[in-house]
J.: 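Please see the structure below; I have some questions.
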Amino acid sequence: PRRSAMMAAAGPAANLVLSLIGLLVLKLGLIKGLWVVPYEAPQFDQVVVAAVEGGSVWVGVGRFCSVLFSLNLILFLFNLLPLPPMDGASVLSGFFPAARRLREQVGANPMLGLIGLVLAWNVFPYLLTPVYVMLLRWLYT
């Protein structure tokens with residue numbers, strides 16, 4: 001079970017690493033003056049804007065890194081929710097026998113997995129928003 005939990009944690013861990021790479025490249029670009037903070041609220045695909053009007057290469061790189069950061073942060077947090085069928089439930093079940101029994105019961109009834117997915121979808125904004133805002137504050141300082 002512990003190996004299975006570690007395998008389930010590999011996907012979210014990869015998402016975390018990719019998100020941090022995107023965030024660090026964005027931070028480095030802001031420090032070097034390649035990008036500036038957007039005047040309007042940041043968008044999923046535009047966390048930064050190019051500092052130079054004609055810098056189309058930096059516009060593309062900024063968009064790519066913005067999507068890399070945002071998308072992988074969303075995937076990381078969503079997959080770590082401890083509700084079946086998310087990876088977080090598999091990670092939790094690898095270390096706690098009671099969670100393992102619950103996961104097996106849910107696995108036997110696919111409708112419970114769908115309920116877990118709906119619950120995760122409703123809970124997720126309360127998790128994502130504060131984390132995203134905190135990381136953007138760090139990025140922009």
Side-chain angles (χ1 to χ4, degrees), residues 1-53 55-141:
R2 290 186 195 268
R3 276 192 234 159
S4 177
M6 298 303 258
M7 286 175 43
N15 291 127
L16 177 62
V17 168
L18 289 171
S19 182
L20 291 176
I21 288 171
L23 183 67
L24 293 175
V25 170
L26 291 169
K27 182 71 170 179
L28 184 63
L30 284 169
I31 291 170
K32 295 289 185 183
L34 301 174
W35 299 302
V36 294
V37 176
Y39 294 111
E40 299 174 6
Q43 301 295 316
F44 173 84
D45 67 333
Q46 195 171 14
V47 175
V48 295
V49 293
V52 180
E53 231 6 79
S56 62
V57 169
W58 297 116
V59 170
V61 173
R63 288 247 167 139
F64 175 78
C65 290
S66 295
V67 170
L68 184 71
F69 160 64
S70 301
L71 178 62
N72 282 289
L73 179 66
I74 289 168
L75 291 171
F76 167 70
L77 293 173
F78 191 71
N79 280 323
L80 272 188
L81 288 174
L83 297 167
M86 300 327 147
D87 287 332
S90 297
V91 171
L92 199 59
S93 69
F95 296 101
F96 300 103
R100 189 175 318 123
R101 286 189 295 276
L102 177 64
R103 179 140 169 67
E104 289 169 358
Q105 290 172 348
V106 170
N109 186 350
M111 188 53 107
L112 292 177
L114 182 61
I115 291 171
L117 190 59
V118 170
L119 279 172
W121 191 262
N122 287 310
V123 169
F124 185 66
Y126 299 104
L127 175 66
L128 176 65
T129 302
V131 172
Y132 195 66
V133 168
M134 178 189 68
L135 290 172
L136 287 180
R137 283 186 182 154
W138 177 81
L139 177 65
Y140 294 153
T141 56

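We're numbering straight along the sequence, starting at 1.
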J.: What are the two closest heavy atoms between Lys27 and Trp138, and how far apart are they?
T.: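 Scanning both residues, the minimum pair turns out to be NZ-O, 2.9 Å.
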
J.: At their closest point, which heavy atom of Val48 faces which heavy atom of Ser66, and how far apart are they?
T.: N-OG, 3.9 Å

J.: Closest approach of Pro130 and Pro125, non-hydrogen atoms and distance?
T.: CD-O, 4.3 Å

J.: Just verifying a value: how many Å separate Leu73 CG and Leu128 CG, rounded to the nearest 0.5 Å?
T.: 6.0 Å

J.: Using every non-hydrogen atom in the two residues, find where Cys65 and Val25 come nearest and quote the distance to one decimal.
T.: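 Looking at all heavy atoms of both residues, the shortest contact is SG-CG1, 3.4 Å.
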
J.: Calculate, to the nearest 0.5 Å, the distance between atoms CG and CG belonging to Leu28 and Leu23 respectively.
T.: 11.5 Å

J.: Taking the side chain as C-beta and beyond, is there a heavy-atom pair between Phe44 and Ile74 under 4.5 Å?
T.: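 Phe44 vs Ile74: side chains touch.
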
J.: How many angstroms lie between CG in Leu81 and CG in Leu92, if you round to the nearest 0.5 Å?
T.: 11.5 Å

J.: Just how far is it from atom OG of Ser70 to atom CG of Asp45, taken to the nearest 0.5 Å?
T.: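 Ser70 atom OG to Asp45 atom CG measures 8.0 Å (nearest 0.5 Å).
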
J.: What residue among Leu139, Leu34, Ile31 forms side chain to side chain contact (heavy atoms under 4.5 Å, CB included) with Leu26?
T.: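 Exactly one candidate clears the test, Leu139.
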
J.: Determine the minimum heavy-atom distance between Asn79 and Pro12, stating which atoms define it.
T.: CB-CG, 4.0 Å

J.: With sequence neighbours excluded, give me every ring-ring contact (aromatic ring centres under 6.0 Å, His included) pair touching residues 72-92.
T.: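 Residue pairs passing ring-ring contact (aromatic ring centres under 6.0 Å, His included), neighbours aside: Phe78-Phe124.
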
J.: Working to the nearest 0.5 Å, report the span between CG of Asp87 and CG of Asn15.
T.: 9.0 Å

J.: Residues in side-chain contact (heavy atoms from CB on, under 4.5 Å) with Phe64, at least two apart?
T.: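 By the side-chain contact (heavy atoms from CB on, under 4.5 Å) rule, Phe64 matches Leu68.
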
J.: Closest heavy-atom contact between Gly94 and Ala5?
T.: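 Smallest heavy-atom distance, with atoms named: CA-CB, 3.6 Å.
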
J.: Output yes when a side-chain donor or acceptor of Trp35 lies under 3.5 Å from a complementary backbone atom of Trp58, and no otherwise.
T.: yes

J.: What is the distance from atom OG of Ser19 to atom CG of Leu24, rounded to the nearest 0.5 Å?
T.: 9.5 Å

